[in-house]
Amino acid sequence: MCHIFVNIVPFGLCFFSECFGITITSAITQKNIKYLQSLGYDFIFGNEGKLACGDYGLGRMSEPDDIINYLDILFHKTKPLDGIEALVTAGPTQEPIDPVRFISNKSSGIQGYLIAEELVKNGANVSLISGPTNLSTPSNLSNFIKVETAEEMLKVFLKKIPKDLFISVAAVTDWKINYNKHKMKKEEGTPKLKLIDNPDILKSISFHKKRPKLVVGFAAETKHLTQNAIKKIKQKKCDFIIANNVSKSKEVFGGNMNEVAIINTKGIILKLKKMDKKKLAKKIVKEVIVPSLN
Ligand code: C5P
């Protein structure tokens, strides 16, 4: 028999989450449980299934998530972002050249999707606007909208504000190209493509009269990371810039690791060590978003 003993001192409560094995059904265990319950101890009983001893029956320890949920419900725990309306953009945008070609970038969408997921876990109502990615949709989003181009992203966005929070993780393609209705032919010679500026979504939203309370941008840089981020926070009028180094050696675009510096309007820099994108999403939500919205 093995116990996980949870003693929640400030509340004066004690829990046993039990992994009894088959002994749970024995008379002596049942008697002991009743005795502990009579003293005010609580039990989070486990599930039926294959037991460590090889038997099948009651006595498996509850899954850790079930234990947490039990405690959450018991304490009617509110989450730090309950009621917050959040908009997140993620992934690249693709700007078509003709019906079969486009320009884009190497963004995978991983970081944005993980941030959206983490916001949901913290109680926010999250709308995720995503460029083309190969990722599966995070669960429990309020809205998930897939777009291709920067203009589509901005259009969707303008329908969704005002919100409390905007996190601009998308690597919006800075330029589009005059669209050719018909596939360009090699035989017609090397085409001269003219780049046209795309709307800057982050900047448009930051300067918008319905600007969300908190606006966070990302800045993918290959050099002068912090200087560029400080410049960007002023230009784009956002509250935080999370600057990541996307030089080839860092394997940030498309990879699972990220290394960032976080800059606020006072130029204060928090340099974080390289960590996986999930951990970083948790850190950003816990240390930047939650304190700024409370
Ligand atoms: O200017 P730069 O592309 O480096 O800015 C990065 C930030 O701006 C990111 O948060 C990105 O999502 C956002 N951005 C945007 N629209 C653009 C270009 C960038 O929203 N056209």
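First listed ligand is number 1; within each ligand, the first listed atom is number 1.
- Formation of a donor-acceptor pair under 3.5 Å by the Asn180 side chain with backbone atoms of His182 is not found in this model.
- Neither the backbone nor the side chain of Lys203 comes within contact range of ligand 1; no heavy atom lies under 4.0 Å.
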Problem set entry | Residues Thr149, Thr93; criterion side chain to side chain donor-acceptor pair (under 3.5 Å); working and verdict | CA-CA 5 Å; Thr149 65; Thr93 64; over 6 Å; no
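- The shortest N or O to N or O distance between Lys236 and ligand 1 is under 3.5 Å.
- Counting only distance, with no hydrogens or angles, the side chain of Arg211 and the backbone of Ser206 share a donor-acceptor pair below 3.5 Å.
- Protein heavy atom in closest approach to atom 20 (O) of ligand 1: Leu202 N, 2.8 Å.
- A distance of 5.0 Å separates CG of Leu214 from CG of Asp239, quoted to the nearest 0.5 Å.
- Between Phe218 and ligand 1, at least one pair of N/O atoms sits closer than 3.5 Å.
- For the pair Ser168 and ligand 1, the shortest N or O to N or O distance falls below 3.5 Å.
- Neither the backbone nor the side chain of Ala150 comes within contact range of ligand 1; no heavy atom lies under 4.0 Å.
- Ligand 1 has an N or O atom lying under 3.5 Å from an N or O atom of Lys232, backbone or side chain.
- The shortest contact between atom 3 (O) of ligand 1 and any protein heavy atom is with Asp174 OD1, 3.7 Å.
- For the pair Ala219 and ligand 1, the shortest N or O to N or O distance does not fall below 3.5 Å.
- Close approach to Pro199 involves these atoms of ligand 1, each under 4.0 Å from a residue heavy atom: 16 (N), 17 (C), 21 (N).
- Here the shortest heavy-atom distance to atom 11 (C) of ligand 1, taken over Gly217, Ala90, Ala170, belongs to Ala170.
- With Asn264 contributing its side chain and Phe240 its backbone, the two residues share no donor-acceptor pair below 3.5 Å.
- Comment: Lys213 engages Asp164 in a salt bridge, judged by a side-chain N to carboxylate O separation of less than 4.0 angstrom.
- Taking the ring pair (Phe, Tyr, Trp, His ring centres under 6.0 Å) definition, one finds that Phe157 meets it with Phe166, sequence neighbours left out.
- At least one N or O atom of Ile201, backbone or side chain, sits closer than 3.5 Å to an N or O atom of ligand 1.
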